[in-house]
Participant: 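Here you go, one structure.
Every heavy atom of this structure was used, including side-chain atoms; hydrogens, water molecules and symmetry mates were not. Throughout, a chain's letter reflects where its sequence line sits, starting with A, and its residues are numbered from 1.
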Amino acid sequence: MAWHGQTGTRRRWIVGVLIGVMALGTAWAPAAQAAEPIKIGFGMALTGALAGNGKAALMAMQMWAEDVNKKGGLLGRPVELVYYDDQTKPAAVPGIYTKLLDVDKVNFIVSGYGTNVIAPLFPIAMERNLVLMGLFGMANNEKLKYKNYFQIMPSGPNPALGWSQGFFEVAAKQQPKPQTIALVGADAEYPHNALVGAREHAKNFGFKVVYDGKYPPSTVDYTPIIRAIKATNPDLVYVASYPPDTAGIIQAAQEVGLPVKMFGGGMVGLQFAALQTKLGSKLNGVVNYEFYVPEPTVNFPGINEFLARYQAQAEKAGVDPLGHYIPPFSYAYVQILGQAVEATKSLDQKKVAEYIQANEFNTIVGKVKFAPNGEWAKSRVLMVQFQNVQGSDVAQFKKAGTRVVLYPEDWKSGTLIYPYSKAQK
Amino acid sequence: MFSLDLLLNAIVAGILIGGFYAAVSLGISVSFGLLDIVNIAHPAFVILGSYTAYAMNRFFGFDPLLTGLLFTPVFYALGVVVYRLYYLGFERKGEESLRGLVFFFGVLFIVEVALLLAYGVDYRMIEARYVGQSFHIGVVGIAFRLLLPCLVGLMVTVALHLFLSKTFYGRAIKAVSQDSQALRLMGVDPVKIKRIAFALSIATASLAGALLILIGPVEPSIGREYIGRVFAIVVLGGMGSISGTLAASVILGVVESLTATFSGPSWAPAVSFGILLVVLAVRPAGLFGR
Amino acid sequence: MAALLEVRGVTKRFGGFQALSDVSLEVREGERFGLIGPNGSGKTTLINCISGALGTDGGTLVFRGKDITRLPAHQRTRLGICRSFQIPRPFTSMTVLENLCIPLEYAAHGQVPRSAVASEAMEILRLMGLDAKAQARPADLTGIDMRKLELARAMAAKPRLLISDEAMAGLSPAEVDAILPILFALNERGITIIMIEHIMRAVMRFSQRIAVLDAGEKIAEGTPEEVVSNKRVEKAYLGE
Amino acid sequence: MKKTVPLWVVLGVVVAAFLFTRLGGNRYIYFAGYFVLQYIVLATAWNVLGGYTGYVNFGTAAFFATGAYTALVLILAFKATLPVQIVAGALTAGLLGLGIGYLTLRLRGVFFSIATLALSVVLQTVVSNWEYVGGGKGLSIIRPKAPALFASHAEYLFVVMVLLAAASVALAWWVQNSRVGRGLAAIRDNEEAAECMGVPTLRLKLFATTLSGCLMGVAGTPFPYYVTLVEPGSVFSLDYAVNSLAMPMIGGTTTWVGPVIGAVLLGTAQQVATVTISSELNLLIVGIVLVAFVMLAPQGIVGLVQRLFHRRSR
């Protein structure tokens with residue numbers, strides 16, 4: 001019991017039960033079970049490649065369960081999170097969720113973190129017609145078109161396109177208008193998707209693609225790649241990369257000197273304190289996507305309180321101290337599920353799914369409405385530029401001003417310093 | 001997209017990275033090439049070196065290279081312990097090769113997971129004044145981040161080469177796998193010689209680890225990516241030949257760099273391993289072997 | 001007597017090193033043939049070429065009238081050439097008895113019915129005086145028993161030609177006297193034997209004819225007496 | 001008479017497994033069972049080459065992936081059924097094994113192992129650059145309805161895996177007790193001596209690499225339908241190489257029982273750990289157990305039991 005089936009307020013529960021048992025004897029036990037908890041089950045990357053993000057997501061979800069239980073739970077019943085480590089391995093997913101459903105008898109399942117562990121969930125959810133809440137999956141539902149799937153990453157109904165929309169919109173507005181673009185990304189799932197979108201945008205916006213390359217994730221030195229890109233003399237460089245390559249590419253760009261007008265786009269890793277503080281002022285000028293930044297224009301009800309609580313716990317848990325990327329959204333995807341259960345007064349999968357499909361939700365990441373394919377009805381990928389970054393102090397990233405929102409217009413908080421080289425000074 | 005400027009830069013980048021590869025491979029060149037100890041856990045020790053450099057940098061502000069140097073005795077001691085275990089468990093019983101291989105596989109796992117438990121899976125980087133700086137010679141740009149590892153790698157190579165060829169212990173190490181009987185007759189304990197050599201090979205991992213974290217971010221299981229590369233280098237270089245190891249490192253570095261520049265980087269690993277497979281099949285003694 | 005094995009102009013090079021140059025010799029059916037020469041003269045290389053462990057760079061090998069130059073080693077064994085190793089190479093995971101079953105099942109495949117393999121192996125062990133150790137592991141054998149096992153295993157291959165590569169090196173005179181009769185006994189059963197040996201006393205006593213190799217060339221051939229009195233042989237062994 | 005015994009055993013086991021699925025009950029057992037059974041196949045396959053013949057293969061993932069990707073291609077191209085995929089996967093992986101077998105002509109011992117390690121990387125790179133099968137990004141597939149007689153794919157895949165595991169163990173049993181097995185043991189003990197004793201070493205090694213590769217490939221063929229996502233990272237996972245080597249080492253390499261014991265113990269332990277401890281400790285345990293076993297019990301559990309038995313009988 002100590003190992004799994006952990007509630008957000010587990011400790012308090014145990015203490016409570018213990019006191020109860022001591023005070024009233026064993027007769028008290030059935031009473032404690034009267035309000036049987038509503039169980040939400042999932043696998044989460046607690047080890048393996050994505051464990052850093054997985055642990056942060058788990059922490060936020062536990063905060064949600066705590067919040068709900070403090071207010072008396074859902075439908076008067078406490079909420080319990082049942083989770084196992086999926087080790088970031090897709091092959092572990094079928095086993096974990098079958099156990100959750102058949103042995104632990106959870107009421108709802110939500111996904112773990114990332115596209116690859118969401119994919120194997122579909123057959124299981126579809127066989128039993130379950131509501132499936134997805135956490136940061138990219139275009140998982142494209143072929144399957146499962147109607148009970150809802151995904152929280154705000155990349156919009158067409159994720160591949162929504163992802164890089166801002167980068168291209170912003171670029172197209174600059175004078176003189178950029179003409180050429182280089183596309184480069186890691187040879188893996190996310191970069192591949194992002195580059196597909198970027199290629200299409202390049203065509204639509206009339207930029208000529210002068211370099212289009214993939215590199216293996218195990219690359220040691222990125223200078224040859226940056227040089228090859230530099231040799232094609234592009235105006236724009238769109239990069240879709242994972243954290244280690246993000247660092248390598250930015251470092252190499254600094255060393256080689258990349259005389260381009262805009263640089264960045266889809267680099268994963270720059271959303272986290274670890275890379276932000278290490279790269280420091282080298283980031284200035286880089287344009288990149290974000291889902292949340294602490295700019296005055298981006299102020300959702302409850303987010304600041306959430307982040308304050310999260311940041312207080314983060315240090316001890318050894319997760320990202322900022323929590324701008326995954327935590328609010330992992331809080332929000334269970335928040336939506338909870339709101340739907342409350343609203344329908346039901347644990348029925350069909351009713352809950354229909355409700356989520358039909359309604360707009362107020363969450364700590366703002367208003368969320370889902371499109372028929374389970375993605376956000378409208379993309380809200382922010383395109384930001386790093387400005388005024390100095391040194392490696394983490395506090396500067398907690399405040400407004402270092403990541404200025406350029407796109408979409410609704411949230412815009414500053415203007416692009418153009419070209420890239422100018423922002424570097 | 002081909003140009004002389006690109007070609008030159010690609011070659012220089014390859015040579016720089018090659019110097020670093022040499023630093024990582026030297027340890028295996030000694031343990032595998034000279035002692036017939038298949039230490040596939042070597043890259044894990046290199047990663048351990050990286051994390052040592054990281055921790056010392058984070059908490060005391062030490063320069064990674066300084067840490068690398070300061071910790072060589074610690075790694076040497078670690079090597080003595082590992083060799084002792086290996087000797088007691090396998091070599092003494094004459095079961096070294098296959099079970100020893102499995103033993104090191106387990107050691108690789110243990111080191112990796114221990115680091116995971118201590119530091120988590122996040123990538124770690126290091127700050128140093130020279131990271132991010134670069135200078136130009138003509139059209140060729142050279143980054144300090146790559147130049148320093150290359151120079152240190154070269155220095156370690158030269159030092160090891162001199163040690164092996166000029167000193168008594170060095171020559172004994174070279175002789176130990178071929179003729180331990182003769183050593184015994186000269187009153188030298190071959191086990192002691194092997195212990196010194198193996199510990200020395202692990203000691204190089206301290207420096208190599210410091211170089212690794214200078215070049216790029218490091219996470220605990222990144223070592224696996226180096227196993228193949230490093231063995232490719234040692235086999236190409238002709239098992240235990242220090243100069244051959246250096247040459248093979250540079251060749252591999254340049255080939256990788258050229259593929260990355262000209263034909264799409266996603267084929268780079270296949271190229272280096274393809275070379276290894278072909279060399280193994282055609283000329284198992286390596287390009288520079290006897 | 002007809003030639004059992006003909007070696008015609010065999011040449012072998014290792015890189016730039018000429019290990020054998022144009023060596024020819026003939027071993028007759030039923031003969032006891034000695035092969036001697038100083039260290040590094042090419043004796044072991046020649047046996048390796050005959051047994052098939054090494055390919056040749058020139059020349060032909062004919063066994064029982066059949067060209068075997070290109071045959072892999074195991075097929076030569078099946079035709080009836082079997083060798084023992086200078087440093088015994090037993091199958092360490094098997095018992096002494098099982099060691100003999102391998103050649104009985106493979107080299108002598110078809111000659112021994114499956115049900116008779118174990119009894120046949122026991123028979124050979126008895127002949128060698130190893131029957132008491134049938135269930136022992138090779139690692140537990142003494143030096144001389146190890147040599148006996150090496151010969152016994154070769155015997156189990158049912159060879160027509162047995163090549164004994166220094167079966168007595170490192171043994172005491174008393175032990176040598178124990179091995180020699182075994183070889184004589186084998187020869188009496190009709191097995192042709194090539195003996196490579198450093199112990200002159202043994203070779204001279206055993207061989208009917210002797211060939212001498214020096215620096216990869218055959219420098220003499222004849223009866224023990226002829227070879228001993230040969231000037232070139234003396235020079236090769238004693239130097240100028 | 002004796003020859004047909006394993007055949008009946010295999011058949012009996014499969015029928016029993018099928019009847020078991022008819023009982024219904026919770027499906028988790030099938031998934032957990034599948035996981036362990038898959039490793040019985042892999043460990044047994046590895047042992048045919050590693051344990052019987054003495055060639056340590058680090059490239060299990062390459063063969064496993066060959067099976068998985070063959071199945072994927074057949075699904076994409078012809079919507080082939082699982083039995084067809086299994087046969088095809090066995091053939092292609094067997095061919096790859098045959099190729100590896102020719103490497104043994106020149107590469108002995110450690111060099112062979114390093115070559116297999118390299119093979120894995122090369123194959124992964126090739127697959128990552130092959131867009132048809134999803135490249136580095138991977139590909140999700142939709143599985144068809146489960147075949148008649150089975151309530152769901154979980155049951156179906158479970159019974160298929162039972163069949164594959166039983167068949168590979170039976171094969172390993174047969175090899176071990178045949179002339180071929182004794183020839184392989186001779187090669188393991190001393191390849192040159194074996195050749196001189198009339199053992200056709202090359203042919204037997206080719207047989208071992210082909211059979212081993214073929215079985216590993218077979219273990220990979222149900223992967224696409226099991227996970228429904230085929231992606232190089234997870235198909236070429238180091239887990240397969242480590243486990244398929246650790247399991248026989250822990251169980252004992254010289255007999256067919258060893259890998260089965262190892263796979264059941266280690267596989268169950270890992271499956272339990274996934275849903276309990278859920279941390280790096282899981283991996284740490286594998287590492288420590290592996291090192292402890294190679295150092296203290298080189299003959300594995302089978303060897304320990306044998307020794308215990310011997311001591312008692314004396």
Participant: Can you tell me which of A:N116, A:I96, A:T115 forms the most heavy-atom pairs within a distance under 4.5 Å of chain D?
Facilitator: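 Maximum pair count with chain D is reached by A:N116.
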Participant: Any chance you could measure A:R128, atom CZ, to D:S152, atom OG, to the nearest 0.5 Å?
Facilitator: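 Answer for the CZ-OG pair, A:R128 versus D:S152, is 8.0 Å.
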Participant: Minimum heavy-atom separation for D:S128 and A:K214, please, with both atom names.
Facilitator: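 Nearest heavy atoms, D:S128 then A:K214: O-NZ, 3.9 Å.
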Participant: Any chance CD of A:E142 has more than 12 other-residue heavy atoms, nucleotides or ligands included, within less than 6.0 Å?
Facilitator: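 Counting neighbours around CD of A:E142, 12 or fewer heavy atoms of other residues, nucleotides or ligands fall under 6.0 Å, so no.
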Participant: In sequence, state the C-alpha distance, the side-chain angles, and the governing distance for D:Q271 and A:K99, and then conclude on side chain to side chain contact (heavy atoms under 4.5 Å, CB included).
Facilitator: CA-CA 11 Å; D:Q271 192 61 30; A:K99 174 152 196 305; over 6 Å; no
Participant: Please look at D:Q38 and chain A and tell me whether the side chain, the backbone, both or neither of the residue comes under 4.5 angstrom of a heavy atom of that chain.
Facilitator: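 Interface part for D:Q38: neither.
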Participant: With a 4.5 Å limit on heavy-atom distance, are the side chains of A:K89 and D:S234 in contact?
Facilitator: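 Not in contact.
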Participant: Which atoms form the tightest heavy-atom contact between A:E127 and D:H153, and what is the distance?
Facilitator: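 It is OE2-N, 4.4 Å.
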Participant: Just give me the residue among A:I124, A:T88, A:L144 that pairs up with chain D most often, heavy atom to heavy atom, under 4.5 Å.
Facilitator: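 Sorted descending by pairs with chain D, the first entry is A:L144.
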Participant: How about NZ on A:K143, more than 12 heavy atoms from neighbouring residues, nucleotides or ligands closer than 6.0 Å, or not?
Facilitator: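 Counting neighbours around NZ of A:K143, more than 12 heavy atoms of other residues, nucleotides or ligands fall under 6.0 Å, so yes.
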Participant: Can you give me the closest heavy-atom contact between D:V227 and A:P94, atom names plus distance?
Facilitator: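 So the minimum-distance heavy-atom pair works out to CA-CG, 4.3 Å.
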Participant: Going by an N to O cut-off under 4.0 Å, is there a salt bridge joining D:K137 and A:D187?
Facilitator: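 Looking at A:D187 together with D:K137, the answer is no, because their closest N to O distance does not fall below 4.0 Å.
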Participant: Hey, what do you get for OG1 (D:T228) to CE (A:M126), rounding to the nearest 0.5 Å?
Facilitator: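 It comes to 10.0 Å.
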Participant: Between D:Y226, D:Y28, D:F223, which has the largest tally of heavy atom pairs under 4.5 Å with chain A?
Facilitator: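 Most heavy-atom pairs under 4.5 Å with chain A: D:Y28.
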Participant: With respect to chain D, which residue among A:N140, A:L121, A:V103 yields the maximal number of heavy-atom pairs within a distance under 4.5 Å?
Facilitator: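 The option with the most such pairs is A:V103.
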